[in-house]
Amino acid sequence: METTLTKDKLLFTPGPLTTSMTVKQAMLRDLGSRDIEFINTVKQVRNGLLVMGEVSQAQGYEAVLMQGSGTFGVESVISSALPKVGGHLLVIINGAYGDRIAKMADVHGITKTVLKYAEDEYPSLEDIDSTLQQNPSITHAVVVHCETTSGIFNPIKAIGEVVKKHGKTYIVDAMSSFGAVPTNIAANQIDFLVSSSNKCIEGVPGFSFSIIQKDALNACKGNARSLSLDLYAQWEGLEQNGQFRFTPPTHTILAFWQAVQEHTAEGGVIGRSARYQKNYNLLVAGMRDLGFKEYLSPEKQGYIISSFLYPEDANFDFKKFYELLNSMDYVIYPGKLSQVDCFRIGNIGHITEVDIRGLLGAIKDVLLEMGVSLK
Ligand SMILES: *Cc1c(COP(=O)(O)O)cnc(C)c1O
């Protein structure tokens with residue numbers, strides 16, 4: 001039977017993203033959850049993730065897959081890592097994803113202390129140090145690596161040094177950076193790193209994963225506030241018989257294994273990072289040429305997703321801008337900042353400089369059509 005596929009719009013978003021045809025084709029199978037081929041694929045995926053994080057089982061790290069989107073993965077860590085008695089979480093926030101983690105702590109009745117910063121500022125290492133000094137009851141600290149709200153890259157290594165100086169467990173939401181920003185998990189002293197299938201590894205949505213230092217994983221036993229998000233039980237299941245406790249996203253995992261192989265073929269994290277940086281450099285140069293201004297100062301701006309300020313021209317209307325681009329098959333993303341009017345353009349997914357050039361051309365045409373002049 002012949003399959004006809006229409007060409008989809010290009011996604012310049014934080015995910016789900018544009019994926020390769022071969023990743024999509026890898027899903028055209030029906031494997032049972034107990035099928036030996038599927039079980040072996042899960043094993044290869046778990047190993048592949050450790051390689052991407054520059055760690056190994058021999059070094060004492062484990063990769064655990066969890067059904068659901070990235071948020072489910074972060075919640076599985078927060079609700080499994082913090083002890084039921086005496087757990088106290090320091091949440092370091094400079095964007096909406098940090099806020100979301102604070103909300104998780106509230107839902108699960110976990111004691112929390114919050115350090116909150118503006119969305120265009122790095123968290124202060126001095127504040128983290130003094131907060132840990134003054135609150136010895138804090139047991140865990142969590143921060144987002146690439147805060148997708150703005151696109152800022154937070155200094156996870158320096159934060160890890162402060163957290164570890166005080167002997168605390170360190171959790172990093174690396175959802176939108178892992179696989180494209182070199183992150184040696186051991187060197188960054190990360191105990192729990194969380195990411196998902198549909199970001200920089202360019203798989204399709206359906207599961208999240210954590211890479212966990214073994215002692216920190218063992219400490220999760222019996223802590224879970226939820227049956228389905230119990231990280232320790234999930235790991236135990238995967239170890240005992242290679243299976244998920246509940247229906248696995250079989251098609252998503254087959255697509256992800258194909259995505260992992262394509263990631264390796266591109267040169268691993270270094271290769272992927274190089275393509276995304278090219279995309280980013282071209283995008284920012286082109287947007288500046290058109291007269292757009294970035295929200296973040298360039299040294300804080302990561303190469304994953306960029307925030308651009310709304311132009312001051314009265315003819316600019318974001319809804320119209322978005323819809324016109326959408327009608328030309330280019331999908332951008334609204335802003336998520338609390339104070340400033342911005343829109344976002346992602347550089348991630350199966351897109352290249354050719355696509356970025358196409359997008360820039362479309363933006364130019366749309367500005368003309370709207371009667372917006374930026375210079
Ligand atoms: C995408 C993302 C998440 C997870 O969001 P989902 O909608 O659950 O996939 C969490 N943190 C960050 C920083 C993200 O970019």
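We count ligands from 1, going down the list as the structure has it; atoms in each ligand are counted the same way.
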Sub-4.0 Å heavy-atom environment of ligand 1, residues by chain: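 Residues within 4.0 Å of ligand 1: Ser69, Gly70, Thr71, Tyr97, Arg100, Val144, Cys146, Thr148, Asp173, Met175, Ser176, Lys199.
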Can you spot which of Glu262, His263, Gln277, Glu266 makes a side chain to side chain donor-acceptor pair (under 3.5 Å) with Arg272?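 Considering Glu262, His263, Gln277, Glu266, a side chain to side chain donor-acceptor pair (under 3.5 Å) with Arg272 is found only for Glu266.
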How long is the span from the CD1 atom in Ile305 to the OG1 atom in Thr148, to the nearest 0.5 Å?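 Rounded to the nearest 0.5 Å, the CD1-OG1 separation comes out at 6.5 Å.
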NZ or CZ of Lys214 within 45° of Tyr61 ring axis and under 6.0 Å: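 Output no; distance or angle outside limits.
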Is the terminal nitrogen or CZ of Lys336 (NZ for Lys, CZ for Arg) located under 6.0 angstrom from the six-membered ring centre of Tyr97 and within 45° of that ring's axis?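 Relative to the ring axis of Tyr97, which defines the angle, Lys336 lies inside both limits.
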Any non-hydrogen side-chain atom of Val64 less than 4.5 Å from a side-chain atom of Ile211?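 Side-chain contact under 4.5 Å: no.
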Partners meeting side-chain hydrogen bond (donor to acceptor under 3.5 Å, both in side chains) with Arg100 (sequence neighbours left out):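 side-chain hydrogen bond (donor to acceptor under 3.5 Å, both in side chains) check on Arg100 returns Thr71.
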